[in-house]
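Predicted model, so just to flag it, every value in this text is computed and none were measured.
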2 protein chains.
Amino acid sequence: MVTKFNIAERLALRLKEARKSKGLNLEALSNLSGVSRSMLSQIERGESSPTVATLWNLTRALQVDFAGLLDEGDTEGTIKEIMRASRTPSIDSQGEGCQIHILSPPDQAGMLEVYEITFSANGKLISEPHRQGCVEHMSVLEGTLKVIAGDEEAELFMGDTIRYAADCPHSIHANASPAKALLLVYNS
Amino acid sequence: MVTKFNIAERLALRLKEARKSKGLNLEALSNLSGVSRSMLSQIERGESSPTVATLWNLTRALQVDFAGLLDEGDTEGTIKEIMRASRTPSIDSQGEGCQIHILSPPDQAGMLEVYEITFSANGKLISEPHRQGCVEHMSVLEGTLKVIAGDEEAELFMGDTIRYAADCPHSIHANASPAKALLLVYNS
DNA sequence: TTAAGTATTCCATTATATTGGATTAATATC
DNA sequence: GATATTAATCCAATATAATGGAATACTTAA
């Protein structure tokens, strides 16, 4: 996974894939994105490493997420990918006493990210505002959790589900016992 | 060349923040990332829009996520909805020994559905092919599960995640012990 | 205040990303 | 087959990203 290798190539594949899946040709994409045909051609052949500016325009035009563009990929077949527990990306920090597993597929993202969050007793996850219009959707799998979003808060029990705007400071708190939650983050 | 300004500035802030939070100066980061001090300086002042190559090196050096770099965020938000466990829509049939809870919010229906599936011992969920291009994404929350999709099959343990085409007959099987899974259905 | 040390910015140079138009390749239509 | 049409690549010109070292700003110490 430590692919330092030729990110230009990976990008190339992703972008070309995205373009074709939308049935666009170079010129059409050029018009949509404001990036020249020539540049697109070079980028798609890995002969150029675009600037963030152009890359940004491309992601907007193709409606793909910036994030997924550089992550590992997959191809065809029925079973596309198996990600073993040990290799599931996880985050430890950002809060105290909580461990976050990223369940959502790396590429398809943009729209949605899925996390499984395991809280130890009194654990908490404090989040900065996400992007405008972002909505989080949390289901309590085990235990009890308190959600604070903006200036509101709510107590949730096992099986409960809450939906709240996440474009403001928000946090999730466990009480004296451990808990587990499923978190869906919809990016607009 | 329209949006160049905004994105460069957002990036600038994020990167500078990240660098300082790690207590690095430009030279230190330069050594870590292989990007020259001067370039770093320009980038952090929004005077340059780095190429993906250099940006990639920076994200690696700073251990920040590529995704988060371009997020924006602020404004207000509130809790939209709380759905108590007792009222969470559920399905019992369709398989034997499995109970399905629909977690996805109503407005997202069609594009994406999210289910929490609880299998009792030897429970199974057998599904007809969905729409063309449909992809399912399953994470094992508890226990062990076997997935059969088309003519392939895979054994999955707690924490594992699998992604497979669902436009063919597919099924999920628990073994002698109960299990729990999270299922995302993308209708692309 | 001066001086010494460090961190950042400026500047000239080089490398390369980006563009518009010309060239080639691919695809269809007669 | 030839021709028209469209799509992708090549090529020269330009803009700008990237670099290394010099100059400036910014601290800290005496």
**Q** Contact class for B:Q42 vs. all strands (heavy atom < 4.0 Å): base, sugar-phosphate, or nothing?
**A**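 Base contact - B:Q42 has a heavy atom under 4.0 Å of at least one base atom.
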
**Q** Should A:S41 be listed as having a side-chain N or O under 4.0 Å from OP1 or OP2 of D:dA8?
**A**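 Checking A:S41 against D:dA8: no side-chain N or O falls below 4.0 Å of OP1 or OP2.
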
**Q** Taking CG from B:N57 and C1' from D:dA18, how many angstroms apart are they, rounded to a whole number?
**A**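 Whole-Å distance recorded here is 12 Å.
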
**Q** Rounded to whole angstrom units, what separation is found between the NZ atom of A:K16 and the P atom of D:dA7?
**A**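 After rounding, the gap between these two atoms is 14 Å.
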
**Q** Any side-chain to backbone donor/acceptor pair from B:S30 onto B:V35? Under 3.5 Å, distance only.
**A**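 Flag set: sc B:S30 to bb B:V35 pair under 3.5 Å.
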
**Q** Give the rounded distance in Å between these two atoms: CD of B:E27 and P of C:dT8.
**A**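 Atom CD in B:E27 sits about 10 Å away from atom P in C:dT8.
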
**Q** With distance as the sole test, does B:S36 use its side chain to make a donor-acceptor pair with the main-chain N or O of B:M39 at under 3.5 Å?
**A**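 Side chain of B:S36 to backbone of B:M39, a donor-acceptor pair under 3.5 Å: yes, one is there.
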
**Q** D:dT16 C1' sits how many Å from B:E47 CD, rounded?
**A**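 Rounded to the whole Å, the gap is 13 Å.
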
**Q** Given atom CG of B:N31 and atom P of D:dT19, what is their separation to the nearest angstrom?
**A**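 Spelled out: CG on B:N31 to P on D:dT19 is 12 Å.
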
**Q** Would you mind telling me which of D:dA18, D:dA8, C:dT8 lies closest to the side-chain atoms of A:L26?
**A**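 Within the option list, the nearest is D:dA8.
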
**Q** Give a yes/no answer on whether the side chain of A:T51 brings an N or O atom under 4.0 Å of OP1 or OP2 in D:dT16.
**A**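 Indeed not, no polar side-chain atom of A:T51 lies that close.
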
**Q** Within this structure, what is the CG-to-P distance between B:L29 and C:dT8, rounded to whole angstrom?
**A**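 In whole Å, C:dT8 P lies 10 Å from B:L29 CG.
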
**Q** Output the single nucleotide from D:dT19, C:dT9, C:dA17 whose closest atom is nearest the side chain of B:R45.
**A**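 It is C:dT9.
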
**Q** Looking at D:dT9, C:dC11, C:dT18, which one has an atom nearest to any side-chain atom of A:T54?
**A**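 Taking heavy atoms from C-beta onward, the closest nucleotide is C:dT18.
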
**Q** If you only use heavy atoms from C-beta on, which nucleotide in C:dT18, D:dT19, D:dA17 is closest to the side chain of B:S36?
**A**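 Of all the options, the side chain of B:S36 is nearest to D:dT19.
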
**Q** Just N and O in the side chain of A:R37: are any of them under 4.0 Å from OP1 or OP2 of C:dA22?
**A**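 So the side chain of A:R37 is outside the cut-off, no N or O lying under 4.0 Å from OP1 or OP2 of C:dA22.
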
**Q** Would you say A:S41 and A:R37 are linked by a side-chain donor-acceptor pair, where the criterion is simply a distance under 3.5 Å?
**A**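 No - no donor-acceptor pair under 3.5 Å links their side chains.
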
**Q** Could you check how far CE of A:M39 sits from P of C:dT16, rounded to whole Å?
**A**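 From A:M39 CE to C:dT16 P: 13 Å.
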
**Q** Work out which heavy atom in A:S33 is nearest to a heavy atom in A:A61; give both atom names and the distance.
**A**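 In terms of heavy atoms, the two residues are closest at CB-CB, 3.7 Å.
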
**Q** Compare the minimum distances between each of D:dA17, C:dG20, C:dT8 and the side chain of A:S38, then state the nucleotide with the smallest one.
**A**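 The listed nucleotide nearest to A:S38's side chain is C:dG20.
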
**Q** Examine distances only and state if a side-chain atom of B:S49 and a backbone atom of A:A53 form a donor-acceptor pair shorter than 3.5 Å.
**A**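 Such a contact is found between B:S49 side chain and A:A53 backbone.
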
**Q** Considering only C:dT18, D:dA18, C:dA7, which nucleotide approaches the side chain of B:N25 most closely?
**A**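 In terms of side-chain proximity for B:N25, the closest of C:dT18, D:dA18, C:dA7 is C:dA7.
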
**Q** Once you round it to whole Å, what is the distance between P of C:dA7 and CG of B:L24?
**A**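 That distance rounds to 11 Å.
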
